[in-house]
Amino acid sequence: MSVITRFAPSPTGFLHIGGARTALFNWLFAKHHGGEMLLRIEDTDRARSTEAAVTAIHEGLHWLGLDWRGEPISQFARADRHAEVARQLLADGNAYYCYATPEALSEMRETAKAEGRSMRYDGRWRGRDPSEAPAGASPVIRLKAPQDGATVIQDLVQGEVTVQNTEMDDMVLLRADGTPTYMLAVVVDDHDMDVSHVIRGDDHLTNALRQRQIYDLMGWSAPHFAHIPLIHGADGAKLSKRHGALGVEAYRDMGILPAALRNYLLRLGWSHGDEEIIDTAQAIAWFDLEGVGKSAARFDIPRLESLNSHYIRTMDEAELCKLLAAQLCQGQARELSAVEAARLPLALDALKERAKTLIELADKAGFLLDGRPLALEEKAAKLLEGEAPAILARAHACLGAVEDWNLEPLTEAIRGLAEAEDLKLGKLAQPLRAALTGRNASPGIFEVLYFLGRQESLDRIGDHMA
RNA sequence: GUCCCCAUCGUCUAGUGGCCUAGGACGCCGGCCUCUCACGCCGGAAACAGGGGUUCGACUCCCCUUGGGGACGCCA
């Protein structure tokens, strides 16, 4: 039997970080077993589903590098099939019409809450004859759930979970307007699509027991369930859309690489011994449900950034160079000039180990762009005070004599000058750095000269010498 | 309120009864390297929620307490 998983988001917003991890786990599990993942949009609630959200989910998954089998499935498109199953349950005596109005129901809940009882549907229409139905009212169809005994699932992450049937009420299967509820649709679809493993957030754990009742009454065998713990915010509170849950595109905009986010999300709730850096191929080879932890994890940005810096340093340079160029042009009305673009690959190696995100990378690469006279950061301006202009004048003269503008000759020239002047190298390097980059921190000063080229370097030094 | 789930350094986690003087990673602190910032290297502080059992022996098994989370919709 082949492994089929599904990622089944509701299209009510962007692909948030918890959903992204759920998708990743489903994808990895399927890949690991040579199976496939389905994408099913759970859009049975027409009022809350939007096309924009569907698009956002597609784009989010695409950016993350996750794919699925075939076309995305719209759950709503299968409403007829869901209704058919509801009618069969009805015909078999495993479901019944309920004429309780929404108002009556919420009143019932209020009373139960006030009296400290559990807020369940009381089954008032369970045994009644259809002839008692109020005229003109359109009923919902409810499952006639077992009233004694217990329902059990063997969860691949949480273990055996048991709930007494007295704790569960008769859930609505088909709404008054004839559309299916999620609870029915999810069971019918997972069954019809031969889903072998349902991997989802553990906020669905108690739902699984209710769904189990439908499987049992239909005489279907249930898929394997794996309820993975939720992700919390840095403060430990639930990560929700109101509380810091960002869409994956927010991480893209923060300059996070998809590979880094995958690795981070993988290690949040799953482990393989002490392994930390796990690329996607390795993840597919290793991923299993036994490695999934049971407790919720907090989202920690510094750790994500640490992983991100690793992937920035190790990724393909040409690829990174493209990302850097794109980032540098962001918000800028102009393209990079040929001269500027040529500096990027030269400097990339030095730059990339100083950046945790693409944003930082672009920021630190800023000095490579033309724009004399350079804007000076405060600390850089300080470095250009006092005897600095005089020193720069001598450096300018010294560098002007360098014919072969390469790392070794430049190093020799500057070191030679420092020695001749009996200056510590820092005394010379810091003003140069300030004049050349406008900052007090940058890659090594010989490299900076080399990246910028002869003319630009000399011009920038000239701007600040006495 | 009722039911369900969870509980190791600040954070992510290793640990499946003796290998634990509890390991790794991020972060933090100190040092080295050094033209600055990073990288790298070396070192440090830092945890088994509490209480009962079971056992020759519990981080590991059981129970209770506490704490956290989730679910109780004609939402998904």
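Computed from heavy atoms alone, side chains included, the values below leave out hydrogens, waters and symmetry copies. Letters A, B, ... mirror the listed sequences (proteins, then strands); counts begin at 1.
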Which part of the nucleic acid, if any, lies within reach of [X] when heavy atoms closer than 4.0 Å are counted: base, sugar-phosphate only, or nothing?
{"X": "A:His204", "result": "base"}
{"X": "A:Asp177", "result": "nothing"}
{"X": "A:Val140", "result": "base"}
{"X": "A:Arg142", "result": "sugar-phosphate"}
{"X": "A:Pro302", "result": "sugar-phosphate"}
{"X": "A:Met168", "result": "nothing"}
{"X": "A:Ala297", "result": "sugar-phosphate"}
{"X": "A:Arg109", "result": "sugar-phosphate"}

Aromatic stack A:His232/B:rG68: centroid gap under 5.5 Å, interplanar angle under 30°: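 Stacking between A:His232 and B:rG68: absent.
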Give a yes/no answer on whether the side chain of A:Arg175 brings an N or O atom under 4.0 Å of OP1 or OP2 in B:rC75.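 Checking A:Arg175 against B:rC75: at least one side-chain N or O falls below 4.0 Å of OP1 or OP2.
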Can you check whether A:Arg313 has a side-chain N or O nearer than 4.0 Å to OP1 or OP2 of B:rG40?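 Looking at the OP1 and OP2 atoms of B:rG40, one of them is under 4.0 Å from a side-chain N or O of A:Arg313.
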So, under a plain 3.5 Å distance rule, would you say the side chain of A:Asn207 forms a donor-acceptor pair with the base of B:rA76?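 A donor-acceptor contact between them is present.
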Restricting both atoms to N or O, compile the protein contacts to nucleotides 34-38 of chain B shorter than 3.5 Å, with distance only.
unit_1	atom_1	unit_2	atom_2	d
B:rC35	O2	A:Arg433	NH2	2.3
B:rC35	N3	A:Ile445	N	3.1
B:rU36	O4'	A:Gln430	OE1	3.2
B:rU36	O2'	A:Asn440	O	2.9
B:rU36	N1	A:Arg433	NH2	3.3
B:rU36	O2	A:Ser442	N	2.8
B:rU36	O2	A:Ser442	O	3.1
B:rU36	N3	A:Arg433	NH1	3.1
B:rU36	N3	A:Ser442	O	2.5
B:rU36	O4	A:Gly444	N	3.1
B:rC37	O2	A:Arg354	NE	2.5
B:rC37	N3	A:Arg354	NE	3.4
B:rC37	N3	A:Arg354	NH2	2.8
B:rA38	O2'	A:Glu353	O	2.3

Examine the side chains of A:Arg210 and A:Thr206 and answer whether a donor and an acceptor come within less than 3.5 Å of each other.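 Distance-only check fails for A:Arg210 and A:Thr206.
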Tell me, for nucleotides 59-67 of chain B in 5' to 3' order, what letter each nucleotide earns: B for a base near a protein heavy atom under 4.0 Å, S for only sugar-phosphate near one, - for neither? ---------
Base, backbone or nothing for each nucleotide of nucleotides 17-23 of chain B, written B, S, -, heavy atoms under 4.0 angstrom, 5' to 3'? ------B
Whom does B:rC37 pair with, Watson-Crick or G-U wobble, provided both distances fall under 3.5 Å?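 Partner of B:rC37: none found under 3.5 Å.
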Report the base-pairing partner of B:rU2 (Watson-Crick or G-U wobble, both distances below 3.5 angstrom), or none.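 The base-pairing partner of B:rU2, which may sit in any strand shown, is B:rA71.
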Between B:rC12 and B:rA49, how far is it from one P atom to the other, in whole Å?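 To the nearest whole Å, 14 Å.
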Strictly under 3.5 Å: I want the nitrogen or oxygen pairs between protein and nucleotides 5-8 of chain B, one per line.
unit_1	atom_1	unit_2	atom_2	d
B:rC5	O3'	A:Gln158	OE1	3.4
B:rC5	O2'	A:Gln158	OE1	3.1
B:rC6	OP1	A:Lys294	NZ	2.9

Show me the donor-acceptor pairs, under 3.5 Å and distance only, between side chains in residues 422-432 of chain A and residues at least two apart or in other chains.
unit_1	atom_1	unit_2	atom_2	d
A:Gln430	OE1	A:Arg433	NE	2.7
A:Gln430	OE1	A:Arg433	NH2	3.4

Taking the six-membered ring where the residue is Trp, are the ring centres of A:Phe29 and A:His197 under 6.0 Å apart?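 Close enough - the centres of the two rings lie under 6.0 Å apart.
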Salt bridge (Lys or Arg N to Asp or Glu O under 4.0 Å) against A:Arg454, all qualifying residues, sequence neighbours excluded: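 By the salt bridge (Lys or Arg N to Asp or Glu O under 4.0 Å) rule, A:Arg454 matches no residue at all.
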